[in-house]
Amino acid sequence: MPEPMDKAYDPQQIEKQTYDYWMAQGVFEAEVNPAKAPYCIVIPPPNVTGVLHMGHALDETIQDLLIRWHRMCGDEALWIPGTDHAGIATQNVMEKRLAEEDLTRHDLGREEFTARVWKLKDEHHARIKEQLQRFGASVDWRRERFTLDEGLSRAVREAFVTLYEQGLIYRGARMINWCPRCQTGLSDLEVEHENRTGHLWYIRYPSPDGGPGLVVATTRPETMLGDTAVAVAPNDPRYAHLVGKTVLLPLQEREIPVVADEWVDPAFGTGAVKVTPAHDPNDAEIGERHHLPALVVIALDGRMTAEAGAAYEGMDRYEARAEVVAALEERGLLEKIEPHEHAVGQCQRCSTIVEPLVSTQWFVKMAPLAEEGLAAVADGRIKFVPSRWEKIYRDWLENIQDWCISRQLWWGHEIPVWYCPDCGEQICTREDPTVCPKCAGSRLERDPDVLDTWFSSGLWPISTLGWPEETPELQYFYPTSCLVTGYDIIYFWVARMIMMGLHLRHEVPFRTVFIHGLVRDETGRKMSKSLGNAVDPLLLIDEYGADALRFALLQLITHGQDLTYTPDRLVGARNFCNKLWNASRFVMMNLEDAAPDCPCGELDLADRWILSRHQRALQTVNEELGRYNLAQAADALYEYVWGEFCDWYVEIAKIALYGEDVARKQTVQTLLRQLLSEILATLHPLTPFITEAIWQRLAPEGGSLARQSYPQVDPTQISTEAEDLMAEAQVFIGAIRTLRSDLGMSPQTRVEVSLLAGSEEQRLRLLAQETIIRSLAGVANLHVLDLDEVAPPGTLGRVAAGARVLLHVGDAVDIEKEVARLVKRAQELEGKISGSRRKLDNADFVSRAPAAVIEGERVRLVDAEADLVRLQEQIQAMESLR
RNA sequence: GGGCGGGUAGCUCAGUUGGUUAGAGCGCAUGCUUUACACGCAUGAUGUCACAGGUUCGAAUCCUGUUCCGCCCACCA
């Protein structure tokens with residue numbers, strides 16, 4: 001039951017009970033419904049590594065806006081919630097916690113470790129769910145999913161086996177990115193490159209016969225222990241004599257060949273490259289071309305192997321670097337050291353510098369999948385908003401590398417492959433095998449690895465709808481309508497969903513990808529926990545309310561640009577909510593005679609004006625939402641509700657509401673109710689809580705606002721004529737207010753105004769505007785006069801279309817008092833009023849201060865001598881008229 | 001090395017296909033306890049539209065170059 005409205009909007013009380021009401025009414029629930037068009041969004045599942053941050057708040061706000069809008073537009077709108085197990089990230093969080101107890105995951109064992117992660121998941125999941133509810137997310141909670149739950153695991157299994165059977169998933173030993181700390185392979189995307197200033201070491205590799213040999217330049221001297229060749233550019237005159245010969249690898253005292261390879265850039269360094277096929281991707285390729293052996297000198301833990309030599313075995317790779325450099329220097333083989341900037345790859349999750357090394361892993365062959373993904377965007381089946389992201393997407397897919405999907409972790413989907421130790425068979429099936437199909441051996445061993453977390457995320461749109469089952473939901477809601485996410489996961493997630501959806505379900509996963517920017521702090525830095533600049537959205541909701549947070553974020557959205565969070569915006573949005581609350585309060589306080597169904601009586605200028613402006617606002621909002629210009633839609637509503645409905649129409653409505661004319665009063669009440677209802681509905685997808693709360697008070701019998709139909713434009717109510725007339729009245733009112741303000745009049749002071757029409761047409765217009773001007777500009781008496789009535793034609797100058805205003809204060813007694821005040825004030829503001837620097841005296845002021853001229857859209861206080869004379873004449877003329 | 005985005009008021013940003021005097025919010029100044037709202041009302045001040053050329057009757061907007069900032073991609077040791 002709605003309570004009476006407080007003077008200030010208090011979101012705290014209202015939001016919780018409103019969300020409970022929605023849940024109780026089941027307004028977010030969507031069903032397969034052939035009578036309606038489906039509209040579906042799958043949430044980008046938040047990681048269970050932690051709680052939601054401002055980026056999520058933005059992402060959820062956009063999705064909720066779209067979902068609520070479409071729901072009100074009559075679509076069967078389904079928003080599927082869920083969370084992501086976030087493999088490596090979550091495992092790292094758990095490992096950090098264990099480290100605080102001085103434990104590693106190996107102390108617990110796989111089973112106990114994953115049991116603990118599940119508990120961690122439960123904690124975070126509960127928190128995330130609560131946060132989503134506090135954001136007002138209108139998700140269908142009955143359909144919530146988690147990437148590791150049973151159904152989704154079945155989807156992962158089906159996808160893996162299918163791709164395996166099609167030869168698109170394979171196992172092989174290849175150069176991959178290895179994180180020595182996480183102890184797992186990584187995909188290329190999980191390696192973050194950072195430019196660092198390191199060194200370029202110049203090392204001499206002498207000839208075996210004691211000749212000078214050559215000098216190589218390297219950024220990683222420790223890898224020289226695993227060198228198996230030196231490469232030079234073909235036809236490099238400096239080295240032609242050495243190609244085919246050998247040089248002596250220092251420290252290891254091993255002879256290695258000098259080979260010629262196209263890859264070598266003769267201009268870089270010395271033009272001679274040491275080749276370490278086991279520890280550098282380029283070297284691996286050179287090694288392959290020249291059939292060079294690959295010596296593994298760095299082990300998976302980042303320490304040197306026995307192969308590196310007894311002196312280095314077991315040493316950390318960076319320790320070994322220092323030792324190698326020292327040993328070379330001692331032997332006089334270190335020619336020079338130069339500072340050198342180069343990109344260093346580090347683990348996305350723990351920032352450890354990754355080690356490229358050869359390892360046996362599972363891969364997805366991407367080229368065929370990428371081809372499908374490229375076609376879908378090229379032919380418009382999928383559209384990116386803003387479209388420039390399509391190029392980014394395309395560039396990546398066109399140069400795509402195979403995807404390493406196996407991870408040496410414990411938290412994730414286990415790879416559905418078994419090995420038979422008896423015959424070496426590799427078994428990948430939909431059902432867990434018990435015996436080897438080839439040799440019937442029963443000692444099968446499951447692959448210990450799990451899948452890259454993005455493998456399951458890539459299936460999200462199909463798996464949440466029930467795939468691989470061909471469920472009614474999948475048939476009805478797939479392809480989903482819009483995917484909303486930040487540009488930072490276009491490669492990781494968006495591209496992979498597109499490829500997986502196309503390949504496995506033979507249809508795009510969504511038709512539109514709405515890409516938004518990242519939330520940055522006031523100084524422009526990315527918000528992150530580690531930088532300590534992250535703002536907890538829940539705290540903001542506590543302080544300002546969820547609607548204010550949502551509205552502020554929507555206003556901040558720019559077209560795919562990052563957005564800067566500033567508390568100012570939030571205050572503004574909070575104030576806007578309060579404004580809406582109070583305007584609604586006012587309307588409801590004055591509705592006693594309103595007949596909701598009664599057709600309006602005769603409409604006056606202001607009525608026709610606000611109806612017209614109302615339609616314009618609806619038009620803008622509907623159009624801008626359709627173009628995903630969410631900030632423009634929000635701004636249009638802000639401007640209309642505050643700047644037009646509240647500032648003008650509500651003020652004008654008071655004339656009728658406090659007046660004697662009952663019919664007029666009813667008309668205005670009815671209009672106010674209608675307009676407010678539609679304002680609430682229009683605003684609802686942006687600020688759902690406050691609009692629902694007011695709606696329940698305004699129309700308690702009408703059910704949830706979330707299920708009302710979205711206001712559409714009625715073009716018949718648009719009146720350019722009313723808009724023009726009103727705009728003109730607003731100019732007059734503004735001019736009179738400006739004068740009053742410049743003259744320091746108190747609001748109580750009523751002024752006498754004569755509006756001099758320059759033409760008969762103008763006179764008629766002024767008559768239509770008269771009531772409004774009097775009421776809103778504090779005018780006691782407004783005389784609408786013909787030019788000829790005050791002065792002979794010509795005296796006032798050539799007043800074509802515009803009206804001229806003479807403004808003077810109250811009656812005679814008041815004038816004296818007022819003038820004394822005004823003079824004092826004018827002296828304070830000396831020179832400020834009209835730009836005149838001349839000190840004003842009494843006489844001057846009386847004659848000039850209360851007079852002004854409106855010309856077109858400008859008002860000026862008259863100060864030219866000639867004008868003064870004319871005005872004095874006019875004032876006299878007017879006074880004689882009174 | 002390649003690509004993308006941006007530089008507009010003190011701050012955060014709008015500015016659609018070129019078009020009179022470049023806008024908003026916040027902040028600032030002044031005045032208001034006006035019976036919805038001080039989370040309010042009214043009024044006001046503030047710009048070398050990064051820089052330099054060019055196209056045009058007319059450029060914040062289109063073209064060229066320069067510069068600064070941010071981001072993405074990339075195996076030059």
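Each chain gets a letter, A, B and so on, in the order the sequences are listed, and its residues count up from 1.
In this structure, A/Asp635 atom CG and B/G23 atom P are separated by 16 Å, rounded to whole Å. Distance, A/Phe576 CZ to B/G25 P: 13 Å, rounded to whole Å. Rounded to whole angstrom, the span from the CG atom of A/Asp10 across to the C1' atom of B/C37 amounts to 15 Å. Atom-to-atom, CZ of A/Arg569 to C1' of B/U12 comes out at 6 Å; the value is rounded to the nearest Å. Put simply, CD on A/Gln632 is 8 Å from C1' on B/A14, counting in whole angstrom units. The distance from atom NZ of A/Lys654 to atom C1' of B/C41 is 10 Å, rounded to the nearest whole Å. One atom, CZ of A/Arg394, and another, C1' of B/G3, lie 12 Å apart when rounded to the nearest Å. Following rounding to the nearest Å, A/Leu556 (CG) and B/C13 (C1') show an atom-to-atom distance of 8 Å.
Counting atom types as modelled, A/Arg388 pairs no side-chain N or O with a base atom of B/C4 as donor and acceptor under 3.5 Å. Remark: the A/Glu651 side chain and the B/A36 base include a donor-acceptor N/O pair separated by less than 3.5 Å.
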> Does the pair A/Tyr491 and A/Asp188 meet the rule for a side chain to side chain contact (heavy atoms under 4.5 Å, CB included), with working shown?
Replying inline: CA-CA 11 Å; A/Tyr491 305 146; A/Asp188 295 343; over 6 Å; no
>> Pair A/Arg220, A/Glu355 - check salt bridge (Lys or Arg N to Asp or Glu O under 4.0 Å), show working.
In response: CA-CA 11 Å; A/Arg220 303 190 55 199; A/Glu355 201 57 46; 2.4 Å; yes
>> Please determine whether side chain to side chain contact (heavy atoms under 4.5 Å, CB included) holds for the pair A/Phe268 and A/Val273, giving the CA-CA distance in whole Å, both sets of side-chain angles, and the decisive distance to 0.1 Å.
In response: CA-CA 9 Å; A/Phe268 186 89; A/Val273 188; over 6 Å; no
> How far apart are the C-alpha atoms of A/Asp562 and A/Tyr487, what are their side-chain angles, what is the distance that settles it, and do they pass the side chain to side chain donor-acceptor pair (under 3.5 Å) test?
Replying inline: CA-CA 10 Å; A/Asp562 286 349; A/Tyr487 60 75; 2.8 Å; yes
Within the sub-3.5 Å range, which N or O atoms of nucleotides 6-9 of chain B have a protein N or O partner, and how far apart are they?
none

>> Walk along nucleotides 72-77 of chain B from 5' to 3' and tag each nucleotide B, S or - by protein heavy-atom contact under 4.0 Å, base first, then sugar-phosphate.
In response: SS-BBB
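The nearest heavy atom of RNA chain B to A/Lys391 and to A/Asp647 marks one nucleotide each, and the one closer to the 5' end goes with A/Lys391. In terms of position along RNA chain B, the nucleotide closest to A/Thr566 lies nearer the 5' end than the nucleotide closest to the other residue of the pair A/Thr566 and A/Met589.
When each of A/Arg394, A/Lys391, A/Glu390 is paired with A/Val377, the side-chain contact (heavy atoms from CB on, under 4.5 Å) condition holds for A/Glu390 and for no other.
Between A/Tyr638 and the phosphate of B/A14, there is no side-chain N or O to OP1/OP2 separation shorter than 4.0 Å. Contact annotation: A/Lys7 side-chain N/O to B/G40 OP1/OP2 distance is not under 4.0 Å. For A/Lys579 and B/C41, the shortest distance from a side-chain N or O to OP1 or OP2 is below 4.0 Å. The phosphate of B/G44 (OP1 or OP2) has a side-chain N or O of A/Thr738 nearer than 4.0 angstrom.
Counting non-hydrogen atoms under 4.0 angstrom, A/Cys577 reaches nothing in the nucleic acid. Across all strands, A/Trp201 comes closer than 4.0 Å to no nucleic acid atom at all (heavy-atom distances). Residue A/Arg574 is classed as a base contact, given a heavy-atom separation below 4.0 Å to a base. Among the protein residues, A/Tyr658 comes within range of the sugar-phosphate backbone only, with heavy atoms under 4.0 Å from sugar or phosphate atoms but none that close to a base. Base contact: A/Val650 has a heavy atom under 4.0 Å from a base atom. Across all strands, A/Asp488 comes closer than 4.0 Å to no nucleic acid atom at all (heavy-atom distances).
A distance of 6.0 Å or more separates the ring centres of A/Trp389 and A/Phe384. Ring to ring, A/Tyr628 and A/His516 are not that close: their centroids are 6.0 angstrom or more apart.
Residues passing the salt bridge (Lys or Arg N to Asp or Glu O under 4.0 Å) test with A/Glu190, sequence neighbours excluded: A/Arg407.
The separation of B/U12 from B/U56, taken at their C1' atoms, amounts to 34 Å, rounded to a whole angstrom. Taking atom C1' on both B/G25 and B/U20, the two are 26 Å apart, rounded to the nearest angstrom. Across the P atoms, B/C72 and B/U64 are found 27 Å apart, a figure rounded to whole Å. B/C76 sits 33 Å from B/G7 when the C1' atoms are compared, rounded to a whole Å. Across the C1' atoms, B/G44 and B/C49 are found 23 Å apart, a figure rounded to whole Å. Taking atom P in both B/C26 and B/C41, the straight-line distance is 9 Å, to the nearest Å. A gap of 15 Å separates the C1' atoms of B/U30 and B/U46, to the nearest Å. To the nearest whole angstrom, the two C1' atoms, one in B/G3 and one in B/A22, are 32 Å apart.
The 12-atom threshold is exceeded at CD of A/Glu341, counting heavy atoms of other residues, nucleotides or ligands nearer than 6.0 Å. The neighbour count for A/Gln401 CD, taken as heavy atoms of other residues, nucleotides or ligands under 6.0 Å away, does not exceed 12. No more than 12 heavy atoms of other residues, nucleotides or ligands lie within 6.0 Å of CD in A/Glu288, so this atom counts as exposed by the packing criterion.
For A/Arg496 and A/Trp403, the positive end sits near the middle of the six-membered ring, less than 6.0 Å away and at most 45° from its axis.
Applying the salt bridge (Lys or Arg N to Asp or Glu O under 4.0 Å) definition to pairs two or more places apart or across chains, those involving residues 268-278 of chain A are A/Asp227-A/Lys274. The salt bridge (Lys or Arg N to Asp or Glu O under 4.0 Å) contacts involving residues 568-579 of chain A comprise nothing, where partners must be two or more places apart or lie in separate chains.
Counting only Watson-Crick and G-U wobble pairs whose two key distances fall under 3.5 Å, RNA chain B forms stems of three or more stacked pairs at B:1-7 with B:67-73, B:10-13 with B:23-26, B:28-32 with B:40-44, B:50-54 with B:62-66.
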